[in-house]
Amino acid sequence: MRKVNLVFGTVYGNAQFVAQTVQEQLVATGREANLMTPETLSGFVPPEDELLLIVTSTTGQGDIPDDLNLWFETLRGDAPYLPKLEYGVIALGDSSYETFCNAGVRFDELFTELGATRIGELLKIDACETMEPEVDAKEWLSEWTKLIASNPID
Ligand SMILES: Cc1cc2nc3c(=O)[nH]c(=O)nc-3n(C[C@H](O)[C@H](O)[C@H](O)COP(=O)(O)O)c2cc1C
């Protein structure tokens with residue numbers, strides 16, 4: 001089974017908690033899951049034979065949290081070509097903002113530009129709808145793990 005590299009961006013800790021919950025669920029299903037703290041992301045180019053899962057909230061007016069933005073900008077600048085990479089996105093936001101979950105959308109657009117393929121829907125978790133984003137994330141993750149496992153290379 002391919003390893004999952006988990007990357008998170010947070011301001012108040014919700015996305016980090018979701019990422020930790022996701023890691024635990026992945027490990028419980030026997031899959032290796034590497035939870036990367038933002039300060040370890042410098043120079044990290046997601047290996048194409050592993051999976052990438054981005055968990056990010058949105059801040060400001062549709063902005064990526066500071067802790068993750070540097071990595072985003074570096075990848076955008078370096079533009080590595082990653083045609084074999086498969087990834088997923090869990091976006092936390094608040095639908096009272098016009099820029100609902102925009103940080104997740106921007107990551108999705110970036111990795112599509114880099115040639116990678118998103119697996120499953122981009123999950124948007126609305127803080128107006130739930131106080132427990134990890135519950136939605138766990139439900140989504142069960143589907144996501146089925147999809148990734150259906151690839152013969154997994
Ligand atoms: C100052 C501020 C700005 C925000 N801007 C946005 C936004 O532009 N779009 C959005 O969808 N959510 C926005 N949110 C909502 C957060 O993304 C949401 O509450 C999320 O659950 C926070 O997760 P975190 O604790 O990981 O940062 C904003 C929240 C705050 C406090």
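Note that ligands are numbered from 1 as they come in the structure, with each ligand's atoms numbered from 1 the same way. This structure is a prediction, so every number in the text was calculated from the model and none was measured.
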Seminar exercise, completed: Taken to the nearest 0.5 Å, the spacing of Arg106 CZ from Thr56 OG1 works out to 10.5 Å
For this session: Could you tell me the separation between the CD atom of Glu48 and the CZ atom of Arg2, rounded to the nearest 0.5 Å?
Result: 11.5 Å
Using a strict 4.0 Å cut-off to heavy atoms of [X], name the atoms of ligand 1 that fall inside it.
X	value
Cys101	10 (C), 11 (O)
Thr10	24 (P), 25 (O), 26 (O), 27 (O)
Thr99	7 (C), 8 (O), 9 (N), 10 (C), 11 (O)

Heavy-atom side-chain contact between [X] and [Y] under 4.5 Å:
X	Y	value
Leu92	Phe17	no
Thr10	Val18	no
Ile90	Ile125	yes
Val11	Pro65	yes

Between [X] and ligand 1, find which residue part has any heavy-atom pair under 4.0 Å and reply side chain, backbone, both or neither.
X	answer
Ala15	both
Phe100	both
Gln16	neither

Purely on distance, is any nitrogen or oxygen of [X] under 3.5 Å from one on ligand 1?
X	result
Ala127	no
Gly62	yes
Asp63	no
Gln61	no

For this session: Mark yes when over 12 heavy atoms from residues, nucleotides or ligands other than Gln61 sit less than 6.0 Å from its CD; otherwise mark no.
Result: no
So which heavy atom in the protein is nearest [atom], and how far is it from that ligand atom?
atom	answer
atom 12 (N) of ligand 1	Asp94 N, 3.2 Å
atom 23 (O) of ligand 1	Ser57 CB, 3.2 Å
atom 5 (N) of ligand 1	Gly60 O, 2.8 Å
atom 29 (C) of ligand 1	Tyr97 OH, 3.6 Å
atom 16 (C) of ligand 1	Thr58 O, 3.4 Å

Problem set entry | Tyr87 and Phe111 aromatic ring geometry - parallel, tilted or perpendicular at 30°/60° bounds | tilted
Problem set entry | Full working for side-chain hydrogen bond (donor to acceptor under 3.5 Å, both in side chains) between Thr58 and Asn102 | CA-CA 6 Å; Thr58 296; Asn102 194 53; over 6 Å; no
Exercise. Is it true that Asn102 lies under 4.0 Å from ligand 1, counting heavy atoms only?
Worked result: no
Exercise. Counting N and O atoms only, with roles assigned by atom type, does the side chain of Asp78 sit under 3.5 Å from a partner on the main chain of Pro80, one being a donor and the other an acceptor?
Worked result: no
